[in-house]
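Treat the numbers as computed from the prediction; the structure is a model and nothing was measured.
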Amino acid sequence: MGRKAEHAVFDHGLVSYFLIGFCVMAVTSMCGLITAIILRIIIPGFDTNAASGVGAAISSLAIALAFRLYFAKEGYKGILNGNRFFWSFLMMLPFLVVHYTGSVMSWREFGFSGKILIALLTALTPGFVEEMAFRGLGVANFMRTAKSGKDIRLIFWVSSVVFGLVHIMNINAGGAVIASLIQSVYAIGVGMLFCAVYLRSGNLLPTIIAHMSVDFMEFLRGDLEASGGTMTGLGTGDWVTIGASAVAVVISLILMNKKHEGEIMALWNKKWGQ
């Protein structure tokens, strides 16, 4: 078993990372739209974002399965398994506690929507799609041919920064410019933590759940429920969640210390049948 086969699409490092991410976003977006149309026919008036979240999550899992089957002959073991599951949450716990605190403060400041099921289903999209697109498959494929600590650091920083910069697009969705820029910086910090935990565990499930949970808490805000999830301003609770991002940065830098690079490389070599 091993990296013997050549793959025209997947053997190009960062180019493959961006291509995989784009394909995941495109496919899940289309599947989410189709699911939303079907569910709204079956249940008239059902929330569009919640309905599309169902399709996006299912299609994300399908893409992960297809990726695993494609590389099965090379010994690839997949990224949705129980490796270091509880360890991953322990590493993320300080960030999550601070973030949840900020969300509860925002409920008090901007109101609580009370639409728990809608918020949960809506959170499926960022939880599954963003984790699969910005970390899951792209990082896994990059680690298939990674050869050194330099490669590990490269994909860590690229995936984290790209994840953050994408959030600037909230401006196009009607978000306030300053709030969107701050959210982008915040997302870089969160992306750093999620990528560090993923690289150290080889397991995407904990970051999917953590990502879903923080977005779920935020989608319960009255102001975000009214705006369709777009940030239009910053309150006290938002500054606390920004502080949570700072906590995430500190934890991620500890997890990605150079002394762990050998462990990371060994883990991913094993995951790829080495």
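- Expressed to the nearest 0.5 Å, how far CG of L255 lies from CG of L193 amounts to 7.0 Å.
- In this structure, the side chains of V54 and I58 come closer than 4.5 Å at one or more pairs of heavy atoms.
- Hydrophobic clustering places V197 together with L80 (ILVMFWY residues linked when any side-chain heavy atoms are closer than 4.5 Å, directly or through intermediates).
- Rounding to the nearest 0.5 Å places CD1 of I155 at 5.5 Å from CG of L14.
- Remark: R153 CZ is packed, more than 12 non-hydrogen atoms of other residues, nucleotides or ligands lying under 6.0 Å away.
- The closest donor-acceptor contact from the side chain of W272 to the backbone of A140 lies under 3.5 Å.
- The CG atom of D11 sits 7.5 Å away from the CG atom of N141 when rounded to the nearest 0.5 Å.
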- [ ] I would like to know whether D238 and F110 meet side-chain contact (heavy atoms from CB on, under 4.5 Å); could you show each step before the answer?
- [x] CA-CA 11 Å; D238 294 307; F110 298 109; 4.0 Å; yes

*asked:* With side-chain contact (heavy atoms from CB on, under 4.5 Å) as the criterion, how do H12 and Y17 come out once you've worked through the C-alpha distance, each side chain's angles and the decisive distance to 0.1 Å?
replied: CA-CA 8 Å; H12 300 286; Y17 169 80; over 6 Å; no

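- Remark: side-chain polar atoms of K271 are not paired, donor with acceptor, to backbone N or O of Y76 under 3.5 angstrom.
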Show me the donor-acceptor pairs, under 3.5 Å and distance only, between side chains in residues 82-93 and residues at least two apart or in other chains.
unit_1 : atom_1 : unit_2 : atom_2 : d
R84    : NH1    : R200   : O      : 3.2
R84    : NH1    : E263   : OE2    : 2.8
S88    : OG     : R84    : O      : 2.7

Would you please test M256 and I152 for side-chain contact (heavy atoms from CB on, under 4.5 Å) and show each step? CA-CA 9 Å; M256 293 302 295; I152 295 172; 3.7 Å; yes

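- At a threshold of 4.5 Å between side-chain heavy atoms, the hydrophobic network of Ile, Leu, Val, Met, Phe, Trp and Tyr places F22 and V161 in two separate groups.
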TODO: Report the C-alpha distance between T28 and F128 in whole Å, list the side-chain angles of each, state the deciding distance to 0.1 Å, and finish with yes or no for side-chain contact (heavy atoms from CB on, under 4.5 Å).
DONE: CA-CA 9 Å; T28 55; F128 278 88; over 6 Å; no

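- Scanning both residues, A187 and F163, for their nearest heavy atoms gives O-CD2, 3.2 Å.
- Other residues sharing a hydrophobic cluster with L65 under the 4.5 Å side-chain heavy-atom criterion for ILVMFWY residues are L69.
- Side chain of R68 to main chain of K77: a donor-acceptor pair is present (N/O by atom type, distance under 3.5 Å, no hydrogens or angles).
- Here the closest non-hydrogen pair linking G191 and R135 is CA-NH1, 3.5 Å.
- R221 and S103 are not linked by any side-chain donor-acceptor pair at a separation below 3.5 angstrom, with hydrogens and angles left out of the test.
- Closest non-hydrogen pair, I168 versus S184, comes out as CG1-OG, 3.4 Å.
- The shortest heavy-atom contact between C195 and S159 is SG-OG, 3.2 Å.
- In this structure, the ring-ring contact (aromatic ring centres under 6.0 Å, His included) partners of F112, at least two apart in sequence or on a different chain, are W107.
- For the side chain to side chain contact (heavy atoms under 4.5 Å, CB included) test, residues two or more places apart in sequence or in another chain that qualify with Y100 are L96, S213, V214, M217.
- Under a 3.5 Å cut-off, the side chain of S252 and the backbone N or O of V249 do form a donor-acceptor pair.
- Y186 places no side-chain N or O within donor-acceptor distance of the main-chain N or O of G243, the cut-off being under 3.5 Å.
- Proximity of M132 to I79: side-chain heavy atoms (C-beta onward) are separated by under 4.5 Å at one or more points.
- Residues L19 and C23 form a side-chain contact, since some pair of their non-hydrogen atoms from C-beta on lies under 4.5 Å apart.
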Side-chain atoms of residues 116-125: list all donor-acceptor pairs with protein atoms under 3.5 Å, sequence neighbours left out, distances to 0.1 Å.
unit_1 : atom_1 : unit_2 : atom_2 : d
T122   : OG1    : I118   : O      : 2.7

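- Here F10 and F67 bring their ring centres to under 6.0 angstrom of each other.
- The backbone N or O of G189 lies less than 3.5 Å from no partner atom in the side chain of S160, so there is not a single donor-acceptor pair.
- When the options D151, L137, V158 are evaluated for a side chain to side chain contact (heavy atoms under 4.5 Å, CB included) with F142, the one that passes is D151.
- Going from atom CD1 of I208 over to atom NE2 of H211 covers 10.5 Å, rounded to the nearest 0.5 Å.
- Note on ring orientation: taking the six-membered ring where Trp is involved, the planes of F194 and F95 are perpendicular (angle over 60°, cut-offs 30° and 60°).
- One distance of note links CG of L204 with OH of Y198; it measures 5.5 Å at 0.5 Å rounding.
- Scanning all heavy atoms of the two residues, the minimum distance from I20 to G138 falls at CG2-N, 3.9 Å.
- Grouping the Ile, Leu, Val, Met, Phe, Trp and Tyr side chains by contacts below 4.5 angstrom, directly or via other members, places V185 apart from L165.
- Sorted pairs that involve residues 51-63 and meet side-chain hydrogen bond (donor to acceptor under 3.5 Å, both in side chains), not counting sequence neighbours, are lacking altogether.
- Summarising the geometry, atom CD1 belonging to I37 is positioned 12.0 Å from atom CD1 belonging to I42; distances are rounded to the nearest 0.5 Å.
- The cluster map of Ile, Leu, Val, Met, Phe, Trp and Tyr, joined by side-chain heavy atoms under 4.5 Å apart, puts Y70 and V139 in the same cluster.
- Closest approach of L199 to I264, counting heavy atoms only: O-CG2, 3.8 Å.
- The hydrophobic cluster containing V15 does not contain F156, counting ILVMFWY residues as joined when their side-chain heavy atoms lie under 4.5 angstrom apart, directly or transitively.
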